[in-house]
Every structure is written in C-alpha cells, then in structure tokens.
> 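Please see the structure below; I have some questions.
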Amino acid sequence: RGTVTDVEDGQTVTVSISDGVNPAVTTTATVTNGEYVTDPIDASNLNDGTLTATTSVSDKAGNPVTAQDSVELDKLAEIDIALPDDDQVINSLEQASAVLTGNTVDVEQGREVTLTLTDSNSVSKVITAIVSDNGTWEVTTDQIADLAEGQINAVVAVTDSAGNPANSELTFTKDTLSSVTLNIAQTDDGVINGSNENSQITITGAVENIENGQSITVTVSDGENPDIELIGTVTNGQYSFENVDISGLNNGTITATAVVLDLAGNTATANDTVLLDQLASVTVDINDTGDNVINGNSENTVVSITGDVTNIENGQTVSVVVSDGTNTETFTAEVINGAYTITDADISALNDGTLTATATVTDVAGNTATSSNDTAEHDKLASTTIEVAPNDDVVNAVEQSNVIISGTVTDVEATREVTVTFSDGTNSVTAKVDVDSDGNWQINPSDISTLTDGEIAVSVSVFDNAGNEAVNN
C-alpha cells in the first residue's frame, strides 16, 4: 500500500516484488483518494531474504513516478528426527536411556523443541529440548519405559522466531519382553548319582517373546571346576539338551543358568539347581586266621568278613561275594556307622586255593560302589593212609614188640608230626613220627606188648600247616 501526490484517482499503480533471483511477482492497484492498496500478494515462490517492492505510476499528463521499499522474507523452518539405533527397536536395556535427535534449518538457537511419544494405546509422553548453537537437538529419556509394547509414534515440533512452524515424525518399536525357563530333569529321588545318571542329564526349557532360531546358552557349574557350556537353538518356543555329562563336577549343588537374546537384544535368564551325589566307596577284608590260611577244621564255617564305607548311609546293604574262581558264596550285612561286619560266613563248599572277596553296596542316591578284591587262602583238605606191615592180621608174642605201621599223606606238608595210637579198648600205646619229603611216614617198630590180647584198633592223626586234621584207622 502507499500514497501518491499529484496523481489523479483512478490511475493504475504497478507493484513488483523481487528477491533478486526468481521472477518478480507483479500486481496492480488503483489510486483512490491519493492512496492505493493491493490485494494480498503471494510471495511464497520467492526466496527467503530481502525482498524489494517497486511501485510505478503515471499521472494523466504522463509523468511517471516510482518508489521502493524492502522487507525480510522468512518463510522456512525445518526439523527432522532420528532414532540412532540400527534395528529401530528399543529393548529392555535401551528403554531407560533412549536417545532421539535431529537437526533444524532456519531455526534459531535456543528455540524450544517439543517431542511427543505416543504408544498403541494412545498414551503420550511429552518431552522438551532446546535447539543448540549448531542447529541440532537431542533428547535422552527413560519415559519410553512407561509406554506400551509395540509401535511408538514420535513427533517433533518447533517454531522459529518468525513464527514458522516445523515438524517431523518417525515410528519405532518397543520390544522389552522376553523370558526363559530352565529345568534339570530330576531323578526319582531328586539326586543325580554317579551310576550312569550323571552322564545322561536332560536339560529343557521354554521361552516367550523369543524368536525361533535364536541361540541359547546353558552353563552348568559346581562353583569350583570349569563350567560346562551348552549351546542350543530355540525351536517352537522350546529348547533341550540330552545326555549332558556332569560327571566331572564336584558333589553338591549344581546350578544351571540359561541365557538367551531375542532379536531386539533383550536378555532373558533362568536358573535351576540339582543335587549331585556321585561318590561312594567300600572296602572288604577277609579276616585271616593266625596262619593266614583258612582250614577245614571248623575255621571255614566261621569266617569273619569286615569293611568300611564312605558316603554310604546307615542301613544300606553290603553284598560280599566270595569266589574260588568256579564257585561262589554270597553274604550280606548292613552298614552301621560307616562299617559292616559279616560273621560265621560258611565257605566250606568252596574249593581249596585262593579265595577272592568282592564287596558291593549302593547309596541312597543310587551310586554303586565296588571294592577292590581281598584274598585269602583256603586249605580244607588233608588225608593219610594207614597200613600194618603185611601179615596174617594177627600179632603173636614174637611180633608184638616189633609192629610196623606206615602210610602216605595228601595235602600234608613234610615234617608234620604223625600220631599213631594202638588201643585194646582199655589201654593204649602211642607212637609219633614225622612225614618225610615224599609224603610218607612209618613207625618201625612199635611195641604193643602191654595191650590185652584181642582186637586192637589202630588210628592215625596228622595236622597240615593250615590246621586241617587227617585221620584214618
């Protein structure tokens, strides 16, 4: 708008507005009462900066006149928004300090930026920031934690000092939920023993909000030895490990820990524990006799077998098998205060020679312990023959002072003493002689003249080194 002097009403004023670069915007107005007013002029196609308006008009006499004025055009304000996150997903770790940032154009330092976060339930959080001296803005917020899972719409807005508004928006995803369970398959008694169970452990679990194909790691530990690490894959919301061998771990509480990440980067963990009891031991001792040989002269029917146990509970049954290599005898006893005793074990049916005893016991957890073998010598056999020197089985007055008796022994050692007794039923005569190196013995002569006429009984007795008595008559 403007005024004119010496220009008649009705004359046409031409107004041209230029940014100096783009084609000028031109319009006209009519002089009325020494003034003119244009209709609103659209200068939106002109560049920001100084605009020059030039007016020209001529009076009826043809005299031209011009005038100029200038004004600043500021029609631009821009802002953008970014979530500096590769997957554009905010996980459980990121939600406590999520960063949104952006740049502005033609927005002055210090202008207030308003960020509005809206979740799928239409719940919003409004956060403000200030444009920095380099035209950027940034928000670090924990308020995403209060918004619902799923898509979140972020709108940022700012107004420059000229009043030009600018806004921008983006969407991202909140995914903070993931979970995993873990279960160590328990045995019937709730304890994993060392009798195969500790090498056949099954570990299973289920996941939620974790995608198929994600890797899951299970670490099994006794707290002392190197951990056992298992790596599997989530399939249909589950995972499993079969035949896990934990025999190298110490007895006690075993802890298994599962760790898995979803695609959003959320970590889920779970623990389970189980008791491992894989230690049990037993000893066995055949209590030998004084000469370290069990004879058949009553010793082999009252044999004592003892032993100790470790990590075996009172009341458990120990089984001892005694073998001659062909035949066996089995005896049992109860564990009492870490020991067991078998008395009066009858091994008389076993053959002579080396006997081997083996003890076996199982603890409450199912661990079977087997002893090292103990051995003992069994010697239950000894025999002898007896023979009166050839005659007519009648000893007369001449022969009675020179009776010859002899025999041969079996399983009786040389130098063992042989005792021969002659008896008439009332009186007796005894003679002794040693077994020679060939296993023979002979008493020559024997004087039985003091015995009464009639039938004379002759008996022989000899003991081997093991104490077995051989008799004959």
> Rounded to the nearest 0.5 Å, what separation is found between the CG atom of Leu355 and the CD1 atom of Ile347?
4.5 Å
> For Thr360, does its backbone N or O pair with a side-chain atom of Ser319 as donor and acceptor, under 3.5 Å?
no
> Examine distances only and state if a side-chain atom of Asn91 and a backbone atom of Ala264 form a donor-acceptor pair shorter than 3.5 Å.
yes
> For a 4.5 angstrom cut-off between non-hydrogen side-chain atoms, does Asp6 reach Val65?
no
> Going by side chain to side chain donor-acceptor pair (under 3.5 Å), name the pairs with one or both residues in residues 371-382, residues two or more places apart or in two chains.
Asn300-His378, Thr354-Glu377, Thr358-Asn373, Asp379-Asn468
> Any side-chain heavy atom of Asn22 within less than 4.5 Å of one from Asn45?
no
> Could you go through the side chain to side chain donor-acceptor pair (under 3.5 Å) check for Thr118 and Ser124 one step at a time?
CA-CA 4 Å; Thr118 305; Ser124 295; 2.8 Å; yes
> So, using side chain to side chain donor-acceptor pair (under 3.5 Å) as the criterion, who are the partners of Asp352 when residues are at least two apart?
none
> Ignoring hydrogens and geometry beyond distance, is a side-chain donor-acceptor pair present between Thr176 and Glu149 at under 3.5 Å?
yes
> Any chance you could measure Ile254, atom CD1, to Ile228, atom CD1, to the nearest 0.5 Å?
8.0 Å
> What pairs with Asn193 under side chain to side chain donor-acceptor pair (under 3.5 Å), at least two apart in sequence or on another chain?
Glu197
> Any chance you could lay out the side-chain contact (heavy atoms from CB on, under 4.5 Å) test for Ile79 and Asn103, step after step, and finish with the verdict?
CA-CA 6 Å; Ile79 189 168; Asn103 298 293; over 6 Å; no
> Do Val282 and Val284 pass the side-chain contact (heavy atoms from CB on, under 4.5 Å) test, and can you show the C-alpha distance, the side-chain angles, and the key distance before you say yes or no?
CA-CA 7 Å; Val282 62; Val284 64; over 6 Å; no
> Can you tell me if CG on Asp133 sees more than 12 non-hydrogen neighbours from other groups inside 6.0 Å?
yes
> Determine all donor-acceptor pairs shorter than 3.5 Å in which one atom belongs to a side chain in residues 229-238; sequence neighbours excluded.
none

> Do Gln278 side-chain atoms and Leu249 backbone N/O form a donor-acceptor pair below 3.5 Å?
yes
> How would you list, by chain and number, every residue that makes a side chain to side chain donor-acceptor pair (under 3.5 Å) with Asn465, sequence neighbours excluded?
Arg416
> Show the nearest heavy-atom pair for residues Leu117 and Ala154, with the distance to one decimal.
CD2-CB, 3.5 Å
> Would you say Glu138's side chain and Thr101's backbone share a donor-acceptor pair under 3.5 angstrom?
no
> Can you check whether Asn47's main-chain N or O pairs, donor with acceptor, with Asp19's side chain at less than 3.5 Å?
yes
> Got a second to check how far Asn153's CG is from Asp119's CG, nearest 0.5 Å?
10.5 Å
> Compare every heavy atom of Val139 with every heavy atom of Ile127, then report the nearest pair and how far apart it is.
CG2-CG1, 3.6 Å
> Kindly indicate whether the side chain of Val126, heavy atoms from C-beta on, has any atom under 4.5 Å from the side chain of Thr114.
yes
> Check the pair Glu242, Thr202 against side chain to side chain donor-acceptor pair (under 3.5 Å), reporting the backbone distance first and the verdict last.
CA-CA 5 Å; Glu242 306 289 336; Thr202 297; 3.1 Å; yes
> Before you tell me yes or no, could you show the steps for Asn271 and Thr257 under side chain to side chain donor-acceptor pair (under 3.5 Å), namely the whole-Å CA-CA distance, both residues' side-chain angles and the distance that decides it to 0.1 Å?
CA-CA 5 Å; Asn271 296 297; Thr257 302; 2.6 Å; yes
> I'd like to know if the side chain of Asp324 and the backbone of Leu350 have a donor-acceptor N/O pair within less than 3.5 Å.
no
> Ser178 and Ile210: which non-hydrogen atoms are nearest, and at how many Å?
CB-CG1, 3.8 Å
> Using atom types as modelled and distance alone, determine if a side-chain donor or acceptor of Gln88 lies under 3.5 Å from a backbone N or O of Phe172.
no
> From Asn167 CG over to Thr159 OG1, what is the distance, rounded to the nearest 0.5 angstrom?
9.0 Å
> Taking all heavy atoms of Pro64 and all of Ser58, pick out the closest pair and write down the distance.
CA-OG, 3.5 Å
> Flag yes if more than 12 heavy atoms outside Glu313 fall under 6.0 Å of its CD atom; otherwise flag no.
yes
> Looking at Gln68 and Thr54, what are the two nearest heavy atoms and their distance?
NE2-OG1, 3.0 Å
> Examine the side chains of Thr32 and Asp9 and answer whether a donor and an acceptor come within less than 3.5 Å of each other.
no
> Show me the pairs that pass salt bridge (charged side-chain N to carboxylate O under 4.0 Å, His left out) and involve residues 94-115, at least two apart or across chains.
none
> With sequence neighbours left out, write down each residue that passes side-chain contact (heavy atoms from CB on, under 4.5 Å) with Ala414, or none if nothing qualifies.
none
> If I compare all heavy atoms of Thr273 with all of Thr255, which pair ends up nearest, and what's the gap?
CG2-OG1, 3.6 Å
> Is the side chain of Thr104 donor-acceptor paired with the backbone N or O of Gly135 at a distance under 3.5 Å, no angle test?
yes
> Could you pull out all residues at least two apart from Thr141 that satisfy side chain to side chain donor-acceptor pair (under 3.5 Å)?
none
> Under 4.5 Å between any side-chain heavy atoms of Asn351 and Asn327, yes or no?
yes
> Can you tell me if Asp285 uses its side chain to pair, donor with acceptor, with the backbone of Gly307 under 3.5 Å?
no
> Can you name the residues that form a side-chain contact (heavy atoms from CB on, under 4.5 Å) with Asn63, not counting sequence neighbours?
Asp59, Ala61
> Is Gln151 reaching over with its side chain to a backbone N or O of Ser120, donor-acceptor style, under 3.5 angstrom?
no
> Would you compute the distance between atom OH of Tyr239 and atom OG1 of Thr204 and round it to the nearest 0.5 angstrom?
7.0 Å
> Kindly indicate, with the supporting measurements, whether the criterion side-chain contact (heavy atoms from CB on, under 4.5 Å) is fulfilled by Ile41 and Ile17.
CA-CA 9 Å; Ile41 300 171; Ile17 301 175; 3.6 Å; yes
> Would you compute the distance between atom CD of Glu299 and atom OG of Ser304 and round it to the nearest 0.5 angstrom?
12.5 Å
> Let me see the working for Val105 and Leu76 under side-chain contact (heavy atoms from CB on, under 4.5 Å), right down to the final yes or no.
CA-CA 8 Å; Val105 176; Leu76 295 179; 5.9 Å; no
> So, using side-chain contact (heavy atoms from CB on, under 4.5 Å) as the criterion, who are the partners of Val4 when residues are at least two apart?
Val7, Val31, Tyr36, Val57
> Apply side chain to side chain donor-acceptor pair (under 3.5 Å) to the pair Asn311 and Asp277, showing each step before the final yes or no.
CA-CA 9 Å; Asn311 296 311; Asp277 180 358; over 6 Å; no
> Not counting sequence neighbours, which residues clear salt bridge (charged side-chain N to carboxylate O under 4.0 Å, His left out) with Asp146? List them please.
Lys125
> Please output the side-chain donor-acceptor pairs of residues 330-344 that fall under 3.5 Å, not counting sequence neighbours, one pair per line with the distance.
unit_1 : atom_1 : unit_2 : atom_2 : d
Tyr340 : OH     : Thr283 : O      : 2.7

> Taking C-beta and beyond as the side chain, do Ile203 and Asp272 meet within less than 4.5 Å on heavy atoms?
no
